[in-house]
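Because the structure is a prediction, the values reported are computed rather than measured. To find a chain, count down the sequence lines: A is the first, B the second, and so on, and within it residues start at 1.
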2 protein chains.
Amino acid sequence: MERNRSVEGARKKPSGAAVKSAKLTTALYRAFFEEWAERGFAAVSLERVAAKAGAGKAAIYRRFSSRQEFAAAAVTELGLTIAMPEDTGSLEADVLAFLIRLRAVLRHPLIRRILPDLHAEAARSPEMRILNTRVAEARRAQAQVILERAIKRGELDAAVDRDLALDLLPAALYWRMVVLGISPTRDQLAAEAAAIVAALQASMRTS
Amino acid sequence: MERNRSVEGARKKPSGAAVKSAKLTTALYRAFFEEWAERGFAAVSLERVAAKAGAGKAAIYRRFSSRQEFAAAAVTELGLTIAMPEDTGSLEADVLAFLIRLRAVLRHPLIRRILPDLHAEAARSPEMRILNTRVAEARRAQAQVILERAIKRGELDAAVDRDLALDLLPAALYWRMVVLGISPTRDQLAAEAAAIVAALQASMRTS
DNA sequence: TATGGATGGAACGATAACGTATCGACGATA
DNA sequence: TATCGTCGATACGTTATCGTTCCATCCATA
């Protein structure tokens with residue numbers, strides 16, 4: 001069940017309860033992301049967030065003690081939406097499936113705007129850096145699964161440079177979509193997958 | 001009244017001249033970037049920019065008619081600082097040299113904070129998208145030179161997928177430095193260069 | 001030396017968002 | 001049914017920035 005999300009949630013309620021609505025909390029998160037995408041993190045106005053969620057400002061300040069805490073809670077909530085990739089039987093097909101899923105994520109207009117903002121903020125404040133790291137590690141876990149499967153199949157040497165490999169998988173697509181603002185076709189993704197596989201197979205730890 | 005908005009503005013001055021100081025203009029640019037890096041684009045205050053440059057707000061509004069125009073001029077000024085890569089004699093060495101130069105750029109604390117902000121803003125406003133495209137094309141021209149040299153040397157087939165290749169060159173390093181906030185060692189750059197070369201050589205248009 | 005435009009600085013009224021406080025209404029619990 | 005915390009809403013004083021205007025000063029030219 002949904003627990004009391006209150007900041008001071010551990011207190012006992014003498015009687016006659018009125019629990020903070022979880023629906024309202026998620027509505028606040030959603031409104032926060034929309035404001036973020038539209039205006040940029042630094043320009044998020046909590047008044048507009050509340051208005052967009054159809055709520056009063058008090059509903060925000062009852063839940064979070066600061067803007068940072070609000071942002072952290074919202075991003076954490078966002079990071080939970082990650083599914084593990086299915087096994088397609090070959091490294092290149094796995095990579096292509098990964099790219100297709102990543103493209104779907106990066107096509108989302110909110111995400112495409114929020115992600116670079118998150119990275120910029122990560123360079124500014126330690127709190128946002130923690131959030132950014134958390135999101136990055138969730139992504140990284142997916143790539144890790146693909147690598148391990150390929151090693152078990154014998155498509156990759158166990159001595160593959162894992163750090164480099166984990167970065168190679170999403171980098172080119174992120175560059176195209178977020179930096180350049182281009183959404184590749186499926187054929188382009190296939191070519192990208194082939195190139196990535198070649199890079200992975202070449203990146204053994206040789207020294 | 002026809003106002004001279006240009007920085008250098010070598011117009012006919014009737015007499016007794018007092019030219020807008022180029023020193024002050026560049027000081028305003030510098031202050032703008034520092035504010036941008038520190039607070040984020042959306043939160044740049046022209047009052048703080050002027051104060052940081054040791055100037056009055058009027059000095060800004062005398063030069064630029066709007067915040068957008070100011071930002072555009074500053075970014076354009078920034079984009080001019082790009083040098084063409086020297087010919088090292090081999091593709092892999094060229095790529096490594098390219099990565100080392102890119103690392104030097106992305107190591108700059110201002111640039112590492114401003115770039116993702118610029119990409120986020122590019123998804124929000126057409127004006128910033130134009131600026132972002134301009135910066136991207138300058139970078140792209142460098143990579144193009146490297147590719148053409150490799151083709152002439154015979155290290156790459158002329159049928160190489162140029163779009164993909166141009167994206168592969170900077171993508172992984174950008175991902176590591178801007179998205180993850182990590183600065184790779186020279187050895188890691190060398191491994192990355194080798195992997196990129198393998199990807200390039202595999203990315204022929206085969207269809 | 002005289003001229004005239006640029007300069008830093010200050011003030012202006014107008015917005016906008018801040019964080020807090022208070023209100024009656026609502027509804028879940030006891 | 002009585003209770004009591006959350007709800008939307010509104011108002012408050014404060015702070016920050018906006019874009020504009022004015023002014024005394026500076027300084028490169030003519």
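- Residue V49(A) is out of contact with every strand shown, counting any heavy-atom pair closer than 4.0 Å.
- Regarding L28(B), its CG atom lies at a distance of 15 Å from the P atom of dA6(C), rounded to whole Å.
- Distance I60(B) CD1 to dT21(D) C1': 16 Å, rounded to the nearest Å.
- Nucleotide dA16(D) holds its P atom 17 Å from the CG atom of L46(B), rounded to whole Å.
- Considering only side-chain atoms of A58(B), the nucleotide from dG19(D), dT21(D), dA16(D) that sits closest is dT21(D).
- Protein atom CZ of R48(A) is 13 Å distant from nucleotide atom C1' of dC18(C), rounded to whole Å.
- Residue E47(B) contributes atom CD, which lies 11 Å from atom C1' of dA11(C) at whole-angstrom precision.
- We find that CZ of F64(A) is positioned 15 Å from P of dC18(C), with the value rounded to whole Å.
- Phosphate contact (OP1/OP2 of dC18(C), side-chain N/O of R67(A), threshold under 4.0 Å): present.
- With respect to E47(A), the salt bridge (charged side-chain N to carboxylate O under 4.0 Å, His left out) criterion is satisfied by exactly one of R67(A), K52(A), K57(A): K57(A).
- Atom CZ in R62(A) sits roughly 13 Å away from atom P in dT22(C) (whole-Å rounding).
- In this view, E137(B) satisfies the side-chain hydrogen bond (donor to acceptor under 3.5 Å, both in side chains) rule with no residue, not counting sequence neighbours.
- For the side chain to side chain contact (heavy atoms under 4.5 Å, CB included) with E192(B), the qualifying choice from D163(A), D161(A), L164(A), D167(A) is L164(A), the only one to do so.
- Looking at the side chain of S45(B), the nearest of the listed nucleotides dG19(C), dG8(C), dT17(D) is dT17(D).
- Applying the salt bridge (Lys or Arg N to Asp or Glu O under 4.0 Å) criterion to R129(B), with sequence neighbours excluded, gives no partner residue.
- When distances are taken from the side chain of Y61(B) to each of dT20(D), dA16(D), dG8(D), the shortest belongs to dT20(D).
- R39(A) has its CZ atom 11 Å from the C1' atom of dA17(C), to the nearest Å.
- Here the options are F33(A), F70(A), W36(A), the test is ring pair (Phe, Tyr, Trp, His ring centres under 6.0 Å), and the partner is F41(A); only W36(A) passes.
- At a cut-off of 3.5 angstrom, the base of dG19(C) holds at least one donor-acceptor pair with the side chain of K57(A).
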